[in-house]
There are 2 protein chains.
Amino acid sequence: MVAPSLRARVRAGMIDEIKAVARRHLATDGANLSLRAVARDMGMVSSAIYRYFPSRDDLLTALILDAYEALGDAVEAADAGTDRTDLRGRWHAACRAARAWALAHPAEYALLYGSPVPGYAAPDDTVAPAQRPPVTLVGILRDGVAAGRLDPSGEELPEPLRSDVAELAALLAVEVPPALLARGMSGWTQLFGLISFELFGRINRTLPHRDEYFDHQTGLMADLIGLPAA
Amino acid sequence: MVAPSLRARVRAGMIDEIKAVARRHLATDGANLSLRAVARDMGMVSSAIYRYFPSRDDLLTALILDAYEALGDAVEAADAGTDRTDLRGRWHAACRAARAWALAHPAEYALLYGSPVPGYAAPDDTVAPAQRPPVTLVGILRDGVAAGRLDPSGEELPEPLRSDVAELAALLAVEVPPALLARGMSGWTQLFGLISFELFGRINRTLPHRDEYFDHQTGLMADLIGLPAA
DNA sequence: CGTTCGTCAAGAGCAGTGCTCTCGGTTTTG
DNA sequence: CAAAACCGAGAGCACTGCTCTTGACGAACG
């Protein structure tokens, strides 16, 4: 590993600074990010930005990738920081971490899980980081099955569906019976809905104790999955 | 009711035509709707549109209102078209209707439930139509309680939460015990997540039999709620 | 019936956008 | 040391939402 040239170092610094300024603009102006505005903030001319990002969409893609990684880090860290045998505690910790990150970075969350930008198509690089939160969640189920604390043997999915979900399990690289994975996906789906409603919607305006509501809702899904308490 | 003048009639026709053309553009170009483009399609000049809508946001608001009503109509009709005593059938019918409408009008669904447009704030006129789908869903629970087929008397919510949810029940004008309403909201939240994942996401790319997956997922929530089959 | 008032489409124009290209100047590389 | 790569600035194109003014048309009133 040869030391990077000075030019490469300032280039990396510029890229970081552009992304930081763009993130700041994202927080205030939403998804319609203006290249000219971030260039202005940096005392540059808009065309100079194109030396670092070939287009506005590429800048957005970089921000999206960073956001996916940040969210994945937060969720995985919360899960890893909980007693491995406390399945229900791990579920709650992971869900809370996702919500906390979303509340702290609403614009970036909207970038990840909001309506897709019309002309924009997410490149394939994003699919792996995007799967980290749900993989973490179903990882809790896998550990539960492996430890014998989660036994869905009494349930079997009807056939067109069973093989689909089994394929999904293979894709996510988790060994979980299809019927249980389907319940886990339901929990992940509801978690995404919960956070989105709280961030975008206005029905939660009538629920002052949001933390308690969130914990209760995710607890309901833990019940559905059958996660035992510690 | 006096007959509207000719001028008022052609004006109403123009408004309808503008909305129709805008909806068409919405379907292809997404949320960044161009006033000039719809004006071009109508053989008009962009400034002429402002005779009918004071701004682009007002056009979007009109489209959003129409979309909320259309979705509400679809869900309510599906529920009303099912045997009133078949609670589980009504739940599935309402969920399927919401999904079918969303799949048929993805751009409008994104307008309603996607990330909010940055500078745009939904006016208060939208909150009542927006509540129609969840109200329809919890209406099924209310009927179940009234008919004695749904009995959540064994469950009680802890206190900061119980009064919040009770207030929500009053706001939605449905007489449902808080603990049951919380389960119903969980189902509504998961339904929204299901549809959004299918429309926006790419994880369902790996689930070819989407209808079966959807029915199974909504069935899981019907289980959580305790909806009995017919 | 004729006049006045409200409404309408059109056009010019402003400020802003993403993006391309060219032009000098600097840095790295062979 | 020269060649090649890189960089920032500037001009310019096509596009956007929106405002203002102008001239024409239809409807209501005297």
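Atom set for the values below is all heavy atoms of this structure, side chains included, hydrogens, waters and symmetry mates excluded.
Residue contacts for B/Leu33: at a heavy-atom cut-off of 4.0 Å it reaches the sugar-phosphate backbone alone, with no base atom in range.
Rounded to an integer number of Å, the gap from B/Ile49 CD1 to D/dT19 C1' is 16 Å. Whole-Å rounding puts the B/Asn32 CG to C/dG16 P distance at 20 Å. In this structure, A/Met14 atom CE and C/dT27 atom P are separated by 15 Å, rounded to whole Å. Remark: C1' of C/dT26 and CZ of A/Arg51 are 12 Å apart, rounded to the nearest angstrom. Look at CG on B/Leu35: it is 7 Å from C1' on D/dG17, rounded to the nearest Å. A/Arg9 has its CZ atom 14 Å from the P atom of C/dT27, to the nearest Å. Per the geometry, CG belonging to B/Asp29 stands 13 Å off C1' belonging to D/dC15, to the nearest Å. As a whole-Å value, the separation of A/His25 NE2 from C/dG16 C1' is 13 Å.
With D/dC7, D/dT19, C/dC19 as the choices, the nucleotide that has an atom nearest any side-chain atom of B/Tyr50 turns out to be D/dT19. When distances are taken from the side chain of A/Ser47 to each of D/dG17, C/dG11, D/dG10, the shortest belongs to D/dG10. Side chain of A/Arg56, nearest nucleotide from C/dC8, C/dC19, C/dG11: C/dC19. Residue A/Ala37 places its side chain closer to C/dT17 than to any other of C/dC19, C/dT17, D/dA9.
Checked for salt-bridge contact, A/Asp143 and A/Arg90 meet the test: a charged N lies under 4.0 Å from a carboxylate O. Under 4.0 Å is where a charged nitrogen must lie from a carboxylate oxygen, and between A/Asp211 and A/Arg96 no such pair does.
Side-chain atoms of A/Leu199 and A/Tyr113, non-hydrogen and from C-beta on, never get closer than 4.5 Å to each other.
Contact of A/Arg36 with C/dG16 (side chain to base): no donor-acceptor pair of N or O atoms is detected under 3.5 Å. Checked by distance alone, A/Ser34 brings no side-chain donor or acceptor within 3.5 Å of a matching partner on the base of C/dG18. Counting distance only, with no hydrogens placed and no angle test, the side-chain atoms of A/Ser55 and the base atoms of C/dG18 include no donor-acceptor pair under 3.5 Å.
Close to C/dA9, at under 4.0 Å from its OP1 or OP2, lies no side-chain N or O of B/Arg11. Using a 4.0 Å cut-off, some side-chain N or O of B/Tyr52 falls inside it from OP1 or OP2 of C/dA9.
Residue-environment remark: CG (A/Asp124) stays at or below the threshold of 12 foreign heavy atoms within 6.0 Å.
For B/Tyr50, the ring pair (Phe, Tyr, Trp, His ring centres under 6.0 Å) test picks out no residue, with sequence neighbours left out.
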